[in-house]
Chemist: 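For reference, the structure I am asking about is given below.
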Amino acid sequence: MSTALRVTDLAKSYGGKRAVDGISFDVRAGELYALLGPNGAGKTTTLRMVAGLLAADAGSISVFDVDARADPLAAKQMIAWLPDEPLLYDKLTAWEYLEFVAGLWGVPPARARAEAERLLKILTLWDNRNDRCETFSRGMKQKAVLAGALLHQPKLLMLDEPLTGLDAAASRLVKDMIRERVDQGAGVILTTHILEVAERMADRIGIIKDGKLLIEGSLEELRTQAGAQGQSLEDVFLSLTAQPAATRETADAQ
Ligand code: ATP
């Protein structure tokens, strides 16, 4: 299995404070990797560096063996990035937005139209294709941005909180689409605070805190490493990342 993403000793500080502190991990092609961690752990900062939106202070990023720091354009050609806040061009309709995105990625127009239609239909936005994005609910915007991210058949898909704000039906659709891309051989890395999603969907899981990777592996491997046989991912996650037990008991009692 080839390596979709290899991150080695990646680091980033903001104003002297380490947000990402020497993280290393791999995402294989045909694998869904869930990057988990409490608020402020460094997940978004890590993904933004891989996407080339933020300069790393140190470390290396390789996307299908392309050095993303040395050749960001070649790496970006293979990457789709879904930010945690859906950013759209408000005055464009959903259809115009997808045409625009297809143009950016150089997708041939006929293929782009067919794929845009397929994605909008799956994501139940087809009837809204001629509505301006500014009229969309948050969940609809999220779906439109996802359609844009999938349009050019990226080999590495990075999804920051892809299910936030989606209703149950949309969430199921998006999970199915993510799984489809994994089965087709894409590498997918996603962040989520919905641990049941990671538990059910991820092939491997990495848990980070304070910018450092605490543990990594399949759920079974995490349980073994954490000495938590039979426990849920939530139990494993909290035992590794939560505040000291005394504080937690106080919080639980409230
Ligand atoms: P969440 O789960 O809350 O989205 P996260 O794991 O994605 O969190 P990051 O957004 O990567 O965390 O933030 C990591 C650290 O970097 C935090 O301490 C945060 O305050 C800091 N940070 C993030 N962006 C900036 C910025 N633009 N300027 C200064 N500090 C920042």
Side-chain angles (χ1 to χ4, degrees), residues 5-27 32-61 63 68-69 72 75-76 79-88 138-139 141-142 145-146 149 156-166 171 174-175 178 187-202 204-217 219 222 226 232-244 247-248 251:
L5 171 66
R6 170 158 294 165
V7 167
T8 312
D9 298 330
L10 196 63
K12 177 75 190 177
S13 296
Y14 293 109
K17 185 175 170 287
R18 280 272 167 133
V20 173
D21 196 1
I23 280 186
S24 302
F25 61 89
D26 285 357
V27 179
L32 195 158
Y33 187 100
L35 188 64
L36 309 180
N39 291 136
K43 303 178 296 295
T44 298
T45 303
T46 300
L47 294 192
R48 287 176 66 87
M49 286 190 279
V50 174
L53 300 171
L54 191 63
D57 294 341
S60 65
I61 301 163
V63 179
R69 293 188 68 193
K76 278 183 195 172
I79 298 178
W81 153 253
L82 183 81
D84 51 355
E85 285 299 323
L87 281 175
L88 284 161
R138 190 191 189 288
K141 285 182 182 169
Q142 179 95 344
V145 175
L146 184 72
L156 175 65
L157 197 50
M158 299 200 302
L159 309 169
D160 201 356
E161 296 283 347
L163 305 175
T164 303
L166 296 184
S171 176
V174 170
K175 282 188 274 186
I178 294 171
V188 177
I189 178 165
L190 68 77
T191 73
T192 181
H193 289 296
I194 312 171
L195 298 181
E196 294 79 13
V197 168
E199 180 158 359
R200 255 182 278 125
M201 289 189 71
R204 287 190 310 133
I205 295 162
I207 299 179
I208 69 173
K209 189 184 179 193
D210 298 332
K212 290 192 169 69
L213 190 69
L214 300 179
I215 198 167
E216 182 194 57
L219 179 55
L222 260 50
S232 67
L233 177 59
E234 185 179 54
D235 291 331
V236 174
F237 180 89
L238 289 176
S239 72
L240 287 166
T241 63
Q243 59 271 56
T247 328
R248 212 161 71 222

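These numbers come from the heavy atoms of this one structure, side chains and all, not from hydrogens, waters or symmetry mates. Keep in mind that this is a model prediction, so the values were computed, not measured. Just follow the structure's listing: the first ligand is 1, and inside any ligand the first atom is 1.
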Chemist: Going by the order shown, which atoms of ligand 1 are within less than 4.0 Å of some heavy atom of N39?
Modeler: 1 (P), 2 (O), 3 (O), 8 (O)
Chemist: Kindly indicate, with the supporting measurements, whether the criterion side-chain contact (heavy atoms from CB on, under 4.5 Å) is fulfilled by I189 and F25.
Modeler: CA-CA 11 Å; I189 178 165; F25 61 89; 3.5 Å; yes
Chemist: Give a yes/no on ligand 1: does R48 have at least one heavy atom closer than 4.0 angstrom to it?
Modeler: no
Chemist: Specify the protein heavy atom at minimum distance from atom 6 (O) of ligand 1: its residue, its atom name, and the distance to 0.1 Å.
Modeler: K43 NZ, 2.7 Å
Chemist: Are any of the N or O atoms of T46 closer than 3.5 Å to those of ligand 1?
Modeler: no
Chemist: Measuring from L190:CG to K175:NZ, what's the distance to the nearest 0.5 Å?
Modeler: 11.0 Å
Chemist: What protein heavy atom is closest to atom 10 (O) of ligand 1, reported as residue, atom name and distance in Å?
Modeler: T44 CB, 3.8 Å
Chemist: Is the number of heavy atoms from other residues, nucleotides or ligands under 6.0 Å of R6 CZ greater than 12?
Modeler: no
Chemist: Could you tell me the residue and atom name of the protein heavy atom closest to atom 31 (C) of ligand 1, and the distance to it rounded to 0.1 Å?
Modeler: Y14 CD1, 3.2 Å
Chemist: Quick check: does any side chain N or O of K12 sit under 3.5 Å from a backbone N or O of A55, one acting as donor and the other as acceptor?
Modeler: yes
Chemist: Are any of the protein's heavy atoms under 4.0 angstrom from atom 21 (C) of ligand 1, yes or no?
Modeler: yes
Chemist: Supply the atom-to-atom distance I178 CD1 to L159 CG, rounded to the nearest 0.5 angstrom.
Modeler: 5.0 Å
Chemist: At a 4.0 Å threshold, what atoms of ligand 1 neighbour a non-hydrogen atom of K17?
Modeler: 18 (O)
Chemist: So L5 and I61, do their side chains get closer than 4.5 Å, heavy atoms only?
Modeler: yes
Chemist: With rounding to the nearest 0.5 angstrom, report the CG to NZ distance, L240 to K209.
Modeler: 9.5 Å
Chemist: Could you list which atoms of ligand 1 come closer than 4.0 Å to a heavy atom of A41?
Modeler: 5 (P), 6 (O), 12 (O)
Chemist: How far is atom 16 (O) of ligand 1 from the closest protein heavy atom, and which atom is that?
Modeler: A19 CB, 3.3 Å
Chemist: Counting only heavy atoms closer than 4.0 Å, does ligand 1 sit against the backbone of E161, its side chain, both, or neither?
Modeler: neither
Chemist: Hey, could you give me the CG/OG1 distance between L47 and T191, rounded to the nearest 0.5 Å?
Modeler: 6.0 Å
Chemist: Hey, mind stepping through T44 and R48 against side-chain contact (heavy atoms from CB on, under 4.5 Å) and telling me if it holds?
Modeler: CA-CA 6 Å; T44 298; R48 287 176 66 87; 3.7 Å; yes
Chemist: Return the closest protein heavy atom for atom 13 (O) of ligand 1 as residue, atom name and distance.
Modeler: T45 OG1, 3.7 Å
Chemist: Provide, to 0.1 Å, the distance between atom 14 (C) of ligand 1 and the closest protein heavy atom, together with that atom's residue and name.
Modeler: G40 O, 3.4 Å
